[in-house]
Amino acid sequence: MASSTTCVLHILVLFFICLPLANTIDFNYPAVFNFGDSNSDTGGLVAGVGDRLEPPNGQTYFKNPSGRFCDGRLIIDFLMDAMDLPFLNSYLDSVAAPSFRKGANFAAAGSTILPATASSVSPFSFGIQVAQFFRFKNRVSEIQAKTRKYDKYVPAQDFFQKGLYMFDIGQNDLAGGFYSKTLDQILASIPTILSGFEDGVKRLYDLGARNFWVHNTGPLGCLGQNIAKFGTDVSKLDELGCVSSHNQAAKLLNLQLYALCKKLQGQYSDANITHVDIFSIKSNLIANYSRNGFEQPLMACCGYGGPPLNYDSRIACGQTKVLDGNNVTAKACNDSSEYINWDGIHYTETANQFVASQILTGKYSDPPFADKMPFLLKLKF
């Protein structure tokens, strides 16, 4: 792993400015409930639709596929570590008696905010994930009313009010739209997309949620999948080699998402709603990849086709197929820590670690981390 990436501070001082009348956010949460897509999916899609991830997925940390579309850990895994909480088990994964004592993950790869359609990768859209949480909470209450012998597997009742509700979703609403819509149509759909997000957040608030952590969407125009499909005309690429239209859509969604978070901050004075600018972190990483210890800003580590993108939509990381009359395998590179992108769509563990370390500086959050230090956060990475 490159030195500038590994030299992450082992202790970061974290602090928040609290909103008027709101409680201070201090990262001392008893549980986390996460909603999202593949950026934070720890096994939901694989379990929910019987999908299969092949090696080398998971090779860096878990040594085998873990349900994550990555060579190792995701941003959420590093954040859970920072909060001294265990990795989140997927709500949909029932094998080996998973513990949900410290929270549950409702994220599933390919999920959208808008309701899924027949062509969707994932049927578990944001509304479904919120409905799953409702059932989860009600089922916990039913079980605890009958017996306490399962307490080590499920959250205590006050964990639902004291816990942190995390969101990283919306990327697929935009990315999927480009296959059938014009840029103007996609931009026009953003208010509808965010209305669906607002509805879900309100439903969770009404059920007692008070601590919300919202990631905006990353620069999806810099993903190899989108560059390969929509960037064949170099005039459509920006100075980083990313698809301009996709990043334009991401920026507009993020602008409106930020406005929505500010609106909700004012509307729910007894809640903490934190917006995190993932777009800026990832864009800065790609723009300054060499300074941050990486050698490849856009090319996939695990894929097929070689430079410049090493991405072929016909074959996913780890698969073996007959393409153009030849038996080929989408293999991993020799050192994934040199790459930002893992498979043309998702980031490597090293890149996810970098993003998490930047999140934890507090510079990309609103409200930002404040001048008072409630505690020291001891990082394990």
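Hydrogens, waters and symmetry mates are skipped; everything else that's a heavy atom, side chains included, is used. Here the structure is a predicted model, which is why all the values come from computation and not from measurement. In this chain, residues are counted from 1 in sequence order.
The salt bridge (charged side-chain N to carboxylate O under 4.0 Å, His left out) contacts involving residues 33-53 comprise Arg52-Glu54, where partners must be two or more places apart or lie in separate chains. For residues 233-269, the disulfide bond (SG atoms under 2.5 Å apart) pairs, not counting sequence neighbours, are Cys222-Cys242. The stretch residues 241-263 participates, sequence neighbours left out, in these ring pair (Phe, Tyr, Trp, His ring centres under 6.0 Å) pairs: Phe178-His246, Phe230-His246, Tyr258-His275. Within the structure, ring pair (Phe, Tyr, Trp, His ring centres under 6.0 Å) pairs that include any residue of residues 93-117 comprise Phe35-Phe106, Tyr91-Phe106, Phe100-Phe136, Phe106-Phe133, Phe106-Phe136 (at least two apart or interchain). For the salt bridge (charged side-chain N to carboxylate O under 4.0 Å, His left out) condition, no pair includes a residue of residues 111-120, sequence neighbours left out. Listed by first then second residue, pairs satisfying disulfide bond (SG atoms under 2.5 Å apart) with a partner in residues 144-201 number zero, not counting sequence neighbours. Among pairs with a residue in residues 306-357, those fulfilling disulfide bond (SG atoms under 2.5 Å apart) read Cys301-Cys333, Cys302-Cys317, at least two apart in sequence or across chains.
Among Asn57, Asn352, Asp77, the single residue meeting the side chain to side chain donor-acceptor pair (under 3.5 Å) criterion with Arg68 is Asp77.
Partners of Ser40 by side-chain contact (heavy atoms from CB on, under 4.5 Å), not counting sequence neighbours, listed by chain and number: Asn34, Ile76, Ala107, Asp168. Residues meeting the side-chain contact (heavy atoms from CB on, under 4.5 Å) test with Glu198, sequence neighbours left out: Lys202, Leu260, Lys263, Leu264. Partners of Thr182 under the side-chain contact (heavy atoms from CB on, under 4.5 Å) rule, at least two apart in sequence or in another chain, are Asp184, Gln185. A search for side-chain contact (heavy atoms from CB on, under 4.5 Å) contacts involving Ser244 returns Asp238, not counting sequence neighbours. Applying the side-chain hydrogen bond (donor to acceptor under 3.5 Å, both in side chains) criterion to Glu239, with sequence neighbours excluded, gives no partner residue.
Aromatic ring orientation, Phe197 versus Phe126: parallel (interplanar angle below 30°, classes split at 30° and 60°).
At least one side-chain heavy atom of Gln132 sits under 4.5 Å from a side-chain heavy atom of Phe124.
Checked by atom type, the side-chain pair Thr329/Thr320 shows a donor-acceptor distance below 3.5 Å.
Asn216 contributes no side-chain N or O that, together with a main-chain N or O of Asn254, makes up a donor-acceptor pair within less than 3.5 Å. Checked by atom type and distance alone, the side chain of Gln319 pairs as donor or acceptor with a backbone atom of Ala316 at under 3.5 Å. Side chain of Asn326 to main chain of Val328: no donor-acceptor pair is present (N/O by atom type, distance under 3.5 Å, no hydrogens or angles).
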